[in-house]
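A short worksheet on the structure shown next.
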Amino acid sequence: MKNKISINDTNYYLLEEKDGYLLIDAGWVGKYSKFKESLSELNIKVDSIKHIFLTHHHHDHAALIQDIREESRCKLILHETQINFLKKGITRIENTKQYNIYLKLLDKAISPFIHYSYKPIILNESDIIVTIDNYDIYDHTGIKGKIIHTPGHSNDSISLLLENGNAFVGDAAMNILKLFGHKYRPIEAEDYNEVYNSWGKLIQYGAKKIFPSHGNSFCVEQLKEILKTI
């Protein structure tokens with residue numbers, strides 16, 4: 001995708017909207033300078049970001065949001081279940097489990113080097129708090145798309161499904177480390193059955209191409225094939 005930033009193998013997407021850009025996620029503690037450098041390479045200014053769509057509260061998706069808002073005064077689009085985590089600047093990991101033993105060992109090796117806590121996010125009255133499924137964002141952004149609740153990786157996970165079938169899913173699906181056997185599943189999740197249910201929902205609503213936060217985009221047919229085996 002043309003307007004994409006990647007930091008520490010995490011993708012952040014920029015969609016053109018009526019007055020600037022909608023940014024999908026912005027994370028990793030201490031990477032704000034890197035974020036701005038990457039934004040500059042796309043000839044996009046921080047203050048042209050008008051909305052940030054947050055797929056879920058984890059540090060690699062939310063850690064830079066407060067920094068961006070202090071410079072751009074953009075509005076945050078979020079699900080109501082994310083609020084308590086964002087206000088505290090925490091990543092809930094106690095209910096998370098890895099897909100298999102290999103990924104569990106990998107997580108154990110790298111977790112001591114990750115900053116799970118981040119700068120708390122200050123919400124305001126202009127932020128858009130989503131409480132229902134299949135929420136239309138057109139009136140807010142001019143983008144023809146709907147917000148779908150897609151729990152599994154985390155209970156607060158949401159996806160943005162555009163009218164053309166492009167689905168920005170956060171960590172509801174991944175396209176990395178496939179040699180570890182999980183294929184397009186997230187490498188860790190709170191509930192894998194919920195992950196599969198969320199895939200089914202995206203398919204039902206017309207998703208055609210999946211844009212994950214980790215790895216390259218791929219056709220939704222890959223998810224359909226996995227669901228056939230479950």
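Just the heavy atoms: all of them, side chains too, but no hydrogens, waters or symmetry mates, feed the values below. This is a predicted model, so every value here is computed, not measured.
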Over 12 non-hydrogen atoms of neighbours within 6.0 angstrom of NZ in Lys45
no
Is there a side-chain contact between Ile226 and Ile230 (heavy atoms, below 4.5 Å)?
yes
Taking atom CG as the centre, does Asn8 end up with more than 12 heavy-atom neighbours from other residues, nucleotides or ligands that are less than 6.0 angstrom away?
yes
Does some side-chain heavy atom of Glu17 sit less than 4.5 Å from a side-chain heavy atom of Lys50?
yes
I want to check something: taking the side chain as every heavy atom from C-beta on, are Leu76 and Leu86 in contact at a cut-off of under 4.5 Å?
yes
Should Phe85 and Ile129 be regarded as members of a common hydrophobic cluster, given that ILVMFWY residues are connected when their side-chain heavy atoms come within less than 4.5 Å of each other, either directly or indirectly?
no
When you measure from the side chain of Ser198 to the backbone N and O of Pro151, does any donor-acceptor pair fall under 3.5 Å?
yes
State plainly whether the residues Asp139 and Lys18 are in salt-bridge range, i.e. N to O under 4.0 Å.
no
Can you confirm whether more than 12 heavy atoms, excluding those of Glu125, are under 6.0 Å from its CD atom?
no
Should Tyr135 and His140 be marked as a side-chain contact (heavy atoms from CB on, under 4.5 Å) after you check the CA-CA gap, both sets of side-chain angles, and the distance that decides it?
CA-CA 11 Å; Tyr135 183 90; His140 300 293; 2.8 Å; yes
Does Lys144 have more than 12 heavy atoms from other residues, nucleotides or ligands lying within 6.0 Å of its NZ?
no
Which one of Phe53, Phe211, Tyr12 satisfies the ring-ring contact (aromatic ring centres under 6.0 Å, His included) criterion with Phe168?
Phe211
Check whether His51 reaches the backbone of Gly20 with its side chain - one donor and one acceptor, N or O, closer than 3.5 Å.
no
Does Leu160 reach the side chain of Leu15, with side-chain heavy atoms less than 4.5 Å apart?
yes
Please tell me whether Ile121 and Val29 are part of a single hydrophobic cluster in this structure, the criterion being side-chain heavy atoms less than 4.5 Å apart.
yes
Answer yes or no: are there more than 12 heavy-atom neighbours, outside Lys75 itself, under 6.0 Å from its atom NZ?
no
Counting only N and O atoms by type, is there a donor-acceptor contact under 3.5 Å from the side chain of Thr91 to the main-chain atoms of Tyr116?
yes
Whether the side chain of Tyr13 engages the backbone of Pro212 through a donor-acceptor N/O pair (distance < 3.5 Å, no angle test) should be reported.
yes
Any side-chain to backbone donor/acceptor pair from Trp199 onto Ala172? Under 3.5 Å, distance only.
yes
Main-chain N/O of His61 paired to His58 side chain as donor or acceptor, under 3.5 Å:
no
Crowded around Asn100 CG? As in, over 12 foreign heavy atoms under 6.0 Å?
yes
Validation row: Leu22, Ile52 side chains within 4.5 angstrom (heavy atoms)
no
Is the centre of the Tyr118 ring less than 6.0 Å from the centre of the His59 ring?
no
Taking atom CG of Asn95 and atom OG of Ser154, what is their separation to the nearest 0.5 Å?
10.5 Å
Minimal non-hydrogen separation, Ala189 against Gly152, with atom names
CB-O, 3.4 Å
Hey, are the side chains of Leu177 and Leu106 touching, using non-hydrogen atoms and a 4.5 Å cut-off?
yes
Least distance between heavy atoms, Val220 atom then Ala207 atom:
CG1-O, 3.3 Å
Can you confirm whether Ile122 is buried at CD1, in the sense that more than 12 heavy atoms of other residues, nucleotides or ligands lie under 6.0 Å from that atom?
no
Short question: side chain of Glu163, backbone of Gly145 - any donor-acceptor pair under 3.5 Å?
no
Would you compute the distance between atom CD of Glu41 and atom CG of Asn43 and round it to the nearest 0.5 angstrom?
9.5 Å
Could you measure the distance from the CE atom of Met174 to the OG atom of Ser213? Nearest 0.5 Å is fine.
8.0 Å
For Tyr192 and Tyr99, indicate whether the former's side chain and the latter's backbone hold a donor-acceptor pair under 3.5 Å.
yes
From CA spacing to verdict: side-chain contact (heavy atoms from CB on, under 4.5 Å), Asp107, Glu188
CA-CA 9 Å; Asp107 180 74; Glu188 58 185 16; 3.7 Å; yes
Residue pair Tyr21, Glu16: steps toward the side-chain contact (heavy atoms from CB on, under 4.5 Å) verdict:
CA-CA 5 Å; Tyr21 291 90; Glu16 290 189 32; 3.5 Å; yes
Evaluate the side-chain proximity of Ile187 to Phe180: yes if any heavy-atom separation is below 4.5 Å, no if none is.
no
Linking I/L/V/M/F/W/Y whenever any side-chain heavy atoms sit under 4.5 Å apart, do Leu54 and Ile90 land together?
no
For Lys228, is there an ion pair with Glu225 - N to carboxylate O distance below 4.0 angstrom?
yes
Establish whether Tyr205 and Val169 are linked, either directly or via other cluster members, by ILVMFWY side-chain heavy-atom contacts under 4.5 Å.
no
Please check this pair: side chain of Asp127 against backbone of Leu78, looking for a donor-acceptor N/O pair closer than 3.5 Å.
no
Sidechain N-carboxylate O distance under 4.0 Å for Lys36, Glu71
yes
With ring-ring contact (aromatic ring centres under 6.0 Å, His included) as the test, pick out the partner of His56 among His153, His149, His79.
His153
In the single-linkage hydrophobic clustering (I, L, V, M, F, W, Y; side-chain heavy atoms under 4.5 Å), do Leu162 and Ile148 co-cluster?
no
Could you pull out the closest heavy-atom pair between Asn175 and Lys178, with the gap in Å?
OD1-NZ, 3.2 Å
Would you compute the distance between atom OG1 of Thr55 and atom CG of Asp156 and round it to the nearest 0.5 angstrom?
8.5 Å
Going by atom types alone, do Asp171 and His214 pair a side-chain donor with an acceptor below 3.5 Å?
yes
Assess, by modelled atom type and distance only, whether the side chains of Thr150 and Ser159 contain a donor and an acceptor separated by less than 3.5 Å.
yes
Apply the test side-chain contact (heavy atoms from CB on, under 4.5 Å) to residues Thr81 and Ile158: give CA-CA distance (whole Å), side-chain angles for both, the deciding distance (0.1 Å), then the verdict.
CA-CA 10 Å; Thr81 53; Ile158 55 177; over 6 Å; no
Contact check, side chains of Ile143 and Tyr138, non-hydrogen atoms, under 4.5 Å:
no
Of all heavy-atom pairs linking Leu227 and Gly200, the shortest is CD1-N, 4.2 Å
Any donor-acceptor pair under 3.5 Å from Arg69 side chain to Leu64 backbone:
no
Nearest atoms (heavy-atom pairs only) where Ile5 meets Ile7:
CG2-CG1, 4.0 Å
Is the shortest distance from a Lys or Arg side-chain nitrogen in Arg73 or Asp47 to a carboxylate oxygen in the other one below 4.0 Å?
no
CA sep, side-chain torsions, deciding dist, call: Lys97, Glu190, salt bridge (Lys or Arg N to Asp or Glu O under 4.0 Å)
CA-CA 6 Å; Lys97 46 188 173 291; Glu190 293 179 2; over 6 Å; no
For the NZ atom on Lys4, are there more than 12 heavy atoms of other groups (residues, nucleotides or ligands in this structure) within a distance under 6.0 Å?
yes
Consider only side-chain N and O atoms of Ser6 and Asn11, and report whether a donor and an acceptor are under 3.5 Å apart.
yes
Decide salt bridge (Lys or Arg N to Asp or Glu O under 4.0 Å) for Lys224 and Glu221; before the verdict, give the C-alpha distance in whole Å, the side-chain angles of both, and the deciding distance to 0.1 Å.
CA-CA 5 Å; Lys224 292 180 181 179; Glu221 298 300 325; 3.2 Å; yes
From Ile203 CD1 over to Leu161 CG, what is the distance, rounded to the nearest 0.5 angstrom?
11.5 Å
